[in-house]
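These notes are about the structure you will find just below.
Bear in mind that the values here come from a model prediction, so they are computed numbers and not experimental data.
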Amino acid sequence: MFSYRHAFHAGNHADVLKHMVLVQLLRHMALKEAACMTIDTHAGAGLYALDGNQASKSGEFKEGIARLWQRQDLPAIVADYVGLIKKMNPDGKLRHYPGSPYCAYQLSREQDRLRLFELHPSDIKLLNENFQHLAQQVPPKSRAGRGKRVMVQRDDGFASLRALLPPPSRRGLILIDPPYEDKNDYRHVVTAVADALTRFPTGTYAIWYPLLPRPELRQMLSRLKRLPGAEWLHVSLRVGKPSPDGLGLRGSGMYIINPPWTLATQLKESMPWLTQALAQDEGAEFTLETGTTPASRDERD
């Protein structure tokens with residue numbers, strides 16, 4: 001159950017897509033003064049050492065963030081994302097890579113709230129340690145409010161989501177990115193989002209998934225597109241042709257419910273460049289689509 005460790009994959013092409021989109025969602029949330037709650041259902045360790053044993057063993061970051069590190073021609077939203085990573089590597093050397101919790105924390109404001117869930121015993125320990133270290137960097141006068149601002153909990157993010165919605169401010173970003181090593185995760189995603197929308201229909205939901213030849217993935221995306229009364233945006237990136245044995249991650253996607261109205265244009269401008277920059281062979285491609293699911297009968301009446 002707990003075999004997946006994101007440290008082996010930190011900074012790879014899937015992280016590039018996920019965190020580039022996440023940064024823009026967080027930027028949009030900060031445009032209004034009202035507080036925003038960001039919920040990460042599968043938070044991981046929060047921060048990863050790219051020169052550590054796990055990341056250096058796989059070397060996946062070399063085909064992801066490392067390809068963008070020295071580029072001078074980054075499109076705007078790619079530059080925004082890379083700039084955030086560079087702030088965490090002030091000496092200019094690519095050593096540290098932030099997971100989604102760190103991205104959210106770096107872009108959050110005093111009034112915002114961050115709720116992080118993780119079940120893996122090793123990763124929850126690291127997540128707590130990483131945020132304790134962050135707290136020590138905050139001026140003492142500001143530490144008193146950190147407990148309300150950031151909460152880290154060892155729990156099932158799917159099950160815990162229900163109690164947090166709707167957030168008090170009625171503004172929220174929910175990131176759902178399980179590892180999908182358990183094929184039931186595809187079903188859990190749809191069930192959790194469908195329930196969440198009944199409680200918090202105006203929230204923004206960002207669902208990450210690995211692009212794998214599985215019927216469960218096709219079923220998940222089809223069911224998400226049928227959830228009633230929601231606008232959605234779907235972007236995917238494939239860096240190369242699938243391997244003959246079906247092993248290895250060659251692509252990923254983000255399905256966003258209630259996306260910012262600017263995001264589709266930003267991605268349309270940036271995805272061709274990003275696909276070329278991260279391409280591993282002639283099979284690299286991206287998809288981008290938007291839509292609105294029809295309201296349910298009760299909502300129409």
Side-chain angles (χ1 to χ4, degrees), residues 2-23 40 42-71 74 77-78 81-89 92-103 118 120 122-123 126-127 130 175-182 185 206-214 217 235-254 270-271 273-287:
F2 293 127
S3 61
Y4 180 86
R5 299 298 302 280
H6 191 68
F8 288 99
H9 314 288
N12 68 1
H13 56 83
D15 266 0
V16 170
L17 177 65
K18 175 169 64 175
H19 295 142
M20 180 186 73
V21 171
L22 179 63
V23 167
D40 193 336
H42 297 77
L47 181 66
Y48 304 95
L50 297 181
D51 56 359
N53 290 334
Q54 293 168 322
S56 59
K57 181 178 181 179
S58 70
E60 289 189 20
F61 72 93
K62 297 176 183 178
E63 300 298 325
I65 181 61
R67 286 199 179 194
L68 310 178
W69 196 245
Q70 299 297 336
R71 295 286 296 257
L74 305 175
I77 65 171
V78 183
Y81 152 71
V82 174
L84 184 69
I85 313 303
K86 288 194 172 184
K87 286 182 180 179
M88 306 197 66
N89 295 273
K93 296 181 180 180
L94 182 56
R95 293 189 177 124
H96 306 290
Y97 189 85
S100 302
Y102 256 52
C103 291
E118 178 56 50
H120 196 290
S122 298
D123 281 350
L126 291 171
L127 185 64
N130 285 327
L175 175 64
I176 302 176
D177 59 339
Y180 298 95
E181 62 178 349
D182 181 350
D185 280 346
I207 299 124
W208 174 88
Y209 65 86
L211 197 53
L212 298 171
R214 291 179 176 175
L217 173 59
V235 59
S236 70
L237 169 65
R238 187 187 297 277
V239 297
K241 295 181 294 186
S243 60
D245 58 9
L247 300 177
L249 183 63
R250 304 287 279 175
S252 64
M254 290 285 282
S270 301
M271 288 304 297
W273 185 96
L274 186 65
T275 303
Q276 185 178 39
L278 298 183
Q280 296 180 16
D281 60 41
E282 67 277 8
E285 61 182 1
F286 77 94
T287 64

Under the 3.5 angstrom rule, does the side chain of [X] hit a backbone N or O of [Y] as a donor-acceptor pair?
| X | Y | value |
| --- | --- | --- |
| Tyr102 | Asn130 | yes |
| Lys18 | Tyr209 | no |
| Arg238 | Gly251 | no |

Separation between [atom1] of [X] and [atom2] of [Y], rounded to the nearest 0.5 Å:
| X | Y | atom1 | atom2 | value |
| --- | --- | --- | --- | --- |
| Arg67 | Gln280 | CZ | CD | 5.5 Å |
| His120 | Leu126 | NE2 | CG | 9.5 Å |
| Ile176 | Ile207 | CD1 | CD1 | 5.5 Å |
| Cys103 | Ile85 | SG | CD1 | 5.0 Å |
| Lys93 | Asp51 | NZ | CG | 10.5 Å |
| Leu50 | Leu94 | CG | CG | 5.0 Å |

Establish, for the pair Lys86 and Trp69, whether the NZ or CZ atom is under 6.0 angstrom from the six-membered ring centre and no further than 45 degrees off its axis.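 Yes, a cation-pi geometry holds between Lys86 and Trp69.
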Determine the minimum heavy-atom distance between [X] and [Y], stating which atoms define it.
| X | Y | answer |
| --- | --- | --- |
| Asp177 | His42 | OD1-O, 3.4 Å |
| Ala43 | Tyr48 | O-OH, 4.4 Å |
| Asn89 | His96 | OD1-N, 2.8 Å |
| Trp208 | Pro178 | CZ3-O, 3.7 Å |
| Ala277 | Arg71 | CB-NH1, 4.0 Å |

Does any donor atom in the side chain of Tyr97 or His19 lie under 3.5 Å from an acceptor atom in the other side chain?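 Result is yes, a qualifying pair exists.
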As a test of understanding, state which of Leu249, Leu274, Thr275 forms a side chain to side chain contact (heavy atoms under 4.5 Å, CB included) with His13.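 One option only clears the test, and that one is Leu249.
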Side chain to side chain contact (heavy atoms under 4.5 Å, CB included) partner of Leu17, chosen from Leu237, Leu211, Leu22: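 Of the listed options, the one satisfying the test is Leu237.
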[Y] and [X], any side-chain heavy atoms less than 4.5 Å apart:
| X | Y | answer |
| --- | --- | --- |
| Asp281 | Arg250 | yes |
| Val16 | Val78 | no |
| Val235 | Met271 | yes |
| Met20 | Met254 | no |
| Asp15 | Glu60 | no |
| Tyr180 | Leu217 | no |

Walk me through whether Leu278 and Leu68 qualify under side-chain contact (heavy atoms from CB on, under 4.5 Å). CA-CA 8 Å; Leu278 298 183; Leu68 310 178; 4.2 Å; yes
